Amino acid sequence: MKRVIAVANQKGGVGKTTTAVNLAASLAATQRRVLLIDCDPQGNATMGCGVDKRRLGASMIDVLLGDAEAAAALLPVNPGGFTLLPGNQDLVAAEVQLMSKIGRELKLRQALKPIRGLYDVLIIDCPPALNLLTLNALVAADSVLVPMQCEYYALEGLSALMSTIEQIRASVNADLELEGILRTMFDPRNNLSNEVSAQLLMHFGDKVFRTVIPRNVRLAEAPSFGKAVLYHDRESRGALAYLALAGELIRREEEAAAIGADMPDVSGESFVGSVTRADSPSVSEPEGVSEPTLAD
Ligand code: ADP
Ligand code: MG
């Protein structure tokens, strides 16, 4: 698991915000220090954390424009056990004003520098567009997590995103990795879902998360209570699926750390803060949610 993970897909309604909020809560439940950053003017992640986006003090706009330190905008999320850097409609104005600035794609990266080290994981919820806000997120990120609904046009959008990632790698952020592709709102009764899922596995192999997020009404309800699903119905299939996703990320990180332990650490920073702490309960993958199963 990389430290800064951007949750991105230029398609709307694919489960970016649902994934960002619920992954933040699930990782926080394993005692990791988590910061969720709302980079979408819709402010859905902010509202989903129970924070009123119309009544924000300092927020992402101030941080991006350099009018406030990121630390001044942070809010605790309760219940949740993580921290939120909130955003709202003002981000539209931020994007317009950034256009004319030098280094406009580097603003988020610079703003996060002083607080990066305070967290084990920073999760950025991106808007549904390949715009300057998403660009800022991808430049600030170590990896990209791509939620995908397995439907007909899904793969088409994916190639535009992959080439954007390539361009960013070739220019400002050479280390940007694909964290993985996450199948969301999965309905195994739908033949097309299964076909698209098979194609994804063929093209992207082990870059496709084994965990599949089922279509689950509890996941859709939770934001209206301003809570992650873990605090709305922790036994629901949606809650178990996001715990399983956190478990999968952690397991991968442990495997990478084990391989890394055999090799001289040349970067000095590669695994700092990402190694599991002995006191943190690790999340095991619950039965039946890692593979496509019937949604309720
Ligand atoms: P995005 O951020 O990519 O636009 P959202 O996470 O906001 O997508 O999801 C779009 C809609 O679908 C929201 O109403 C959300 O509650 C709902 N939703 C997301 N994931 C699921 C799921 N696994 N099961 C049921 N509803 C979901
Ligand atoms: Mg969203």
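Throughout, residue positions are numbered sequentially from 1 according to the sequence presented. Counting starts at 1 for both ligands and their atoms, following the listed order. Heavy atoms only: backbone and side chains are in, while hydrogens, waters and symmetry mates are out. Everything numeric in this text was worked out from a predicted model, so none of it was measured.
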Could a heavy atom of [X] be found less than 4.0 Å from some atom of ligand 1?
{"X": "P128", "value": "no"}
{"X": "G13", "value": "yes"}
{"X": "N216", "value": "yes"}

Considering only heavy atoms of L219, which atoms of ligand 1 have at least one such atom less than 4.0 Å away?
-> 22 (C), 23 (N)
For G12, the atoms of ligand 1 under 4.0 Å from one of its heavy atoms are 4 (O)
How far is [atom] from its nearest protein heavy atom, and which residue and atom is that?
{"atom": "atom 8 (O) of ligand 1", "answer": "G15 N, 3.0 Å"}
{"atom": "atom 21 (C) of ligand 1", "answer": "M185 CG, 3.4 Å"}
{"atom": "atom 13 (C) of ligand 1", "answer": "T18 OG1, 4.8 Å"}
{"atom": "atom 23 (N) of ligand 1", "answer": "P214 O, 2.9 Å"}
{"atom": "atom 16 (O) of ligand 1", "answer": "A220 CA, 3.4 Å"}

[atom1] ([X]) with more than 12 external heavy atoms under 6.0 Å:
{"X": "R169", "atom1": "CZ", "value": "yes"}
{"X": "K113", "atom1": "NZ", "value": "no"}
{"X": "Q199", "atom1": "CD", "value": "yes"}

Could you tell me whether any N, O or S atom belonging to T17 is less than 2.8 Å from the Mg ion (ligand 2)?
-> yes
If I apply the N/O under 3.5 Å rule, does [X] come out as touching ligand 1?
{"X": "I213", "value": "no"}
{"X": "K16", "value": "yes"}
{"X": "T17", "value": "yes"}
{"X": "V14", "value": "yes"}

Which value, rounded to the nearest 0.5 Å, describes the distance between S59 atom OG and K53 atom NZ?
-> 12.0 Å
Rounded distance [0.5 Å steps], CG in L91 versus CG in L65 = 9.0 Å
For V34 against F82, the heavy-atom pair lying closest together | O-CB, 3.4 Å
Identify the heavy atoms of A239 and V229 that sit nearest to each other, and give their distance.
-> CA-CG1, 3.5 Å
Any protein heavy atom lying closer than 4.0 Å to atom 5 (P) of ligand 1?
-> yes
Can you find a protein heavy atom under 4.0 Å from atom 10 (C) of ligand 1?
-> yes
A side-chain contact here means heavy atoms from C-beta on lying under 4.5 Å apart; do [X] and [Y] qualify?
{"X": "L75", "Y": "P86", "value": "yes"}
{"X": "I124", "Y": "L108", "value": "yes"}
{"X": "L122", "Y": "R3", "value": "yes"}

Tell me yes or no: between the side chains of Y242 and T211, is some donor less than 3.5 Å from an acceptor?
-> no
